[in-house]
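Data block below; observations after.
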Amino acid sequence: MITTHDNFDLTSHNTFAMKVKCGCFMEYTSPDDIPFLLSTIRHGVEWIHIGGGSNLLFTSDYPGVVLHSAIKGISITEETPEHVFVKVGAGEKMDDFIKWACDQHLWGVENLSGIPGEAGAAAVQNVGAYGMEAADAITKVFAYDNVNREFVTIENRDDICEYGYRTSIFKQEEKGRYVIHHVEFRLSKSPAPRIGYPALKQRFDDQKMETLTPQQVREAIIEVRDSKLPDPAKVPSAGSFFKNPVITAEQFEHIKEAANGIDVPNYKIDESYKIPAAWLIDQCGWKGYTEGNVAVWHLQPLVIVNPDREATPQEIIELEQRIITSVKEKFGITLHPEVEHI
Ligand code: EPU
């Protein structure tokens, strides 16, 4: 079933709560709706597909068509002695699926507990948190290919999906080509806890690994999230606003000099260093900063918030630019937004 609304208010479809409108909003409940929907969008009319709207910043009204999948369903497609394969509708909330998996004592997505967004978008932008990324568990992406005009199943193997840090082929080279309607995840029946993240390690320090349950890890993750990140239902935001920059050894030396003896947190990746953007922003004094209707979250400076739901996109963009400039001036590093600007 397809529902269509003209001149549609998108406030409840973006977690930043930007009061913007789109020319037309179309929501559908079945994969079979997709070819028809795309054929009705007139040639030359701009369109985008959104998920839960938790990683978007609409910078103004969007004149084109906004598509949203309301395809639901969580079903087991295959079971082996070790694994259970689960097909999830693109419009399912990721966290509803994660809760379902933990309730079934299945491992593999528990570290993503509490993550905002929907399954289809998770497969596009490879959401990640606390030592895992969606791509670690995704086995297949079911989509409609708008170029060859056919339904396709894309396996997540041999780097076909080009999954990387918050990215994939669906977000880069093939953006707009595939409309994802289901995603298949591989879950594990035997314990596979990933509790290397410092705040988690501490919690489970004296517990034996084999006695851990996915439910316990889920609860711990939700506690850690709640202690740092604003609840999008109460304080509008789009989660991490910036990506963690990956820099060269030379740039890293420059940061160390600029840090004046303070230890610089970093994760070495081959010859490069990933530096927490939160730390860079914090060092520039932005934590808890408020101006007009926008603020930098007081517990995690990576998050820009719209506390009173009154911020305009321009206010957010201004704050974004000021943060980028100050980090550039102090550390010589250019931050890039993680949030997609539309
Ligand atoms: N830090 C500070 N000051 C702070 C907070 C953090 O200096 O106020 C430094 C600390 O050194 C800390 C480091 O930043 O060790 C990293 O912080 P944290 O582990 O909280 O995570 P992050 O790198 O800031 C990433 C993701 C989050 C995800 C967390 C947990 C990105 C851009 N963000 O943040 O994702 O929840 O790790 O795994 O990769 C999101 O995508 O919306 C999101 C929230």
Side-chain angles (χ1 to χ4, degrees), residues 14-16 51-57 94-95 98 109-118 121-122 124-136 163-168 171 194-203 217-218 220-233 235-247 252 255-256 258-259 262-269 273-289 295-306 320 323-324 326-327 330-331 333 335-340:
N14 73 100
T15 60
F16 241 139
S54 54
N55 201 46
L56 302 179
L57 174 64
M94 260 312 265
D95 196 51
I98 297 163
V109 285
E110 63 287 345
N111 285 35
L112 298 178
S113 290
I115 206 149
E118 295 167 1
V124 172
Q125 77 139 0
N126 190 18
V127 294
Y130 308 108
M132 101 155 276
E133 292 181 337
D136 300 339
Y163 279 124
Y165 173 51
R166 302 290 197 278
T167 188
S168 72
K171 201 177 165 182
R194 298 191 201 192
I195 52 168
Y197 189 85
L200 288 178
K201 219 174 181 174
Q202 282 164 14
R203 271 159 210 260
V217 176
R218 172 174 169 79
I221 295 275
I222 289 175
E223 272 179 46
V224 173
R225 278 192 87 87
D226 289 350
S227 71
K228 289 186 181 176
L229 298 170
D231 175 353
V235 185
S237 87
S240 297
F241 197 94
F242 298 99
K243 284 188 197 168
N244 289 329
V246 177
I247 60 172
F252 185 43
I255 292 188
K256 283 202 275 192
I262 303 172
D263 272 346
V264 182
N266 65 90
Y267 316 93
K268 195 159 192 288
I269 311 166
Y273 295 84
K274 191 171 184 177
I275 311 292
W279 184 85
L280 297 167
I281 299 168
D282 203 359
Q283 291 300 311
C284 293
W286 289 104
K287 204 180 205 169
Y289 178 86
V296 176
W297 189 238
H298 62 292
L299 300 170
Q300 168 51 290
L302 198 48
V303 182
I304 294 178
V305 294
N306 170 18
E320 169 190 10
I323 293 172
I324 291 174
S326 74
V327 169
K330 190 169 169 76
F331 294 109
I333 299 295
L335 291 181
H336 294 284
E338 194 216 297
V339 170
E340 195 176 345

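In each ligand, atom 1 is the first atom listed, and ligand 1 is the first ligand listed. It should be emphasised that the depicted structure is a prediction, and the values quoted were computed from it without experimental measurement.
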>> Please check this pair: side chain of Ser237 against backbone of Pro232, looking for a donor-acceptor N/O pair closer than 3.5 Å.
In response: no
>> Counting only heavy atoms, tell me which of Lys228, Glu338, Arg166 gets closest to atom 26 (C) of ligand 1.
In response: Arg166
>> Once you restrict to heavy atoms under 4.0 Å, what part of Pro276 touches ligand 1? Side chain, backbone, both or neither.
In response: side chain
> Of all the atoms in ligand 1, which lie at a distance below 4.0 Å from a heavy atom belonging to Leu229?
Replying inline: 44 (C)
> Can you tell me which residue and heavy atom of the protein come closest to atom 33 (N) of ligand 1, and the distance to 0.1 Å?
Replying inline: Ser240 OG, 2.9 Å
>> Just checking Lys268: does its NZ atom have more than 12 heavy atoms from other residues, nucleotides or ligands closer to it than 6.0 angstrom?
In response: yes
> In terms of residue, atom name and distance, what is the protein heavy atom nearest to atom 6 (C) of ligand 1?
Replying inline: Ala278 CB, 3.6 Å
> Who gets closest to atom 21 (O) of ligand 1 by heavy atom: Tyr165, Trp297, Tyr197, Tyr130?
Replying inline: Tyr197
> Which of the atoms of ligand 1 are close to Lys287, meaning less than 4.0 Å from one of its heavy atoms?
Replying inline: 4 (C), 8 (O)
>> Quick check on contacts: which atoms of ligand 1 are under 4.0 angstrom from a heavy atom of Asn244?
In response: 23 (O), 31 (C), 39 (O)
> When you measure from the side chain of Asn306 to the backbone N and O of Phe16, does any donor-acceptor pair fall under 3.5 Å?
Replying inline: yes
> What do you think, any protein heavy atom under 4.0 angstrom from atom 43 (C) of ligand 1?
Replying inline: yes
> Is it the side chain (CB and beyond), the backbone, both or neither of Val303 that lies under 4.0 Å from ligand 1, heavy atoms counted?
Replying inline: neither
> Does the Asp95 side chain pair with the main chain of Gly114, one donor and one acceptor, at a distance under 3.5 Å?
Replying inline: yes
> Can any side-chain N or O of Asp136 pair as donor or acceptor with the backbone N or O of Glu133 at less than 3.5 Å?
Replying inline: yes
> Would you find a donor on one side and an acceptor on the other, under 3.5 Å apart, between the side chain of Asn14 and the backbone of Leu56?
Replying inline: no
> Tell me: protein heavy atom nearest atom 34 (O) of ligand 1, and distance?
Replying inline: Leu302 CD2, 3.8 Å
>> Using a strict threshold of under 4.0 Å (side-chain N to carboxylate O), is an ion pair present between Lys171 and Glu340?
In response: no
>> Between Tyr289 and Pro301, is there a side-chain heavy-atom distance shorter than 4.5 Å?
In response: no
>> For atom 15 (O) of ligand 1, tell me which residue out of Trp286, Tyr267, Trp279 has the closest non-hydrogen atom.
In response: Tyr267
> Backbone N or O of Ala277 within a donor-acceptor pair of the Asn244 side chain at under 3.5 Å?
Replying inline: yes
> When you measure from the side chain of Asn126 to the backbone N and O of Ala135, does any donor-acceptor pair fall under 3.5 Å?
Replying inline: yes
>> Heavy atom to atom 28 (C) of ligand 1, shortest distance: which of Ala129, Gly114, Pro337 holds it?
In response: Ala129
> For ligand 1, which atoms, with element, lie under 4.0 Å from some heavy atom of Phe242?
Replying inline: 32 (C)
> Is the closest protein non-hydrogen atom to atom 37 (O) of ligand 1 under 4.0 Å?
Replying inline: no
> Hey, is the main chain of Leu280 close enough, under 3.5 Å, to the side chain of Trp286 for a donor-acceptor pair?
Replying inline: no
> Counting from 1, what ligand 1 atoms have a heavy atom of Gly239 closer than 4.0 Å?
Replying inline: 42 (O)
>> I'd like to check Tyr165 versus Ile269 (side-chain heavy atoms, cut-off strictly below 4.5 Å). Are they in contact?
In response: no
>> At less than 4.0 angstrom from any non-hydrogen atom of Asp282, what atoms of ligand 1 do you find?
In response: 2 (C), 3 (N), 4 (C), 7 (O), 8 (O)
>> Under 4.0 Å from a heavy atom of Pro265: which atoms of ligand 1 are those, numbered in the order shown and with their elements?
In response: 11 (O)
> Nearest non-hydrogen atom to atom 5 (C) of ligand 1 belongs to which of Gln300, Gln125, Met132?
Replying inline: Gln300
>> Can you tell me if Gln283 contacts ligand 1 (heavy atom of the residue under 4.0 Å from the ligand)?
In response: no
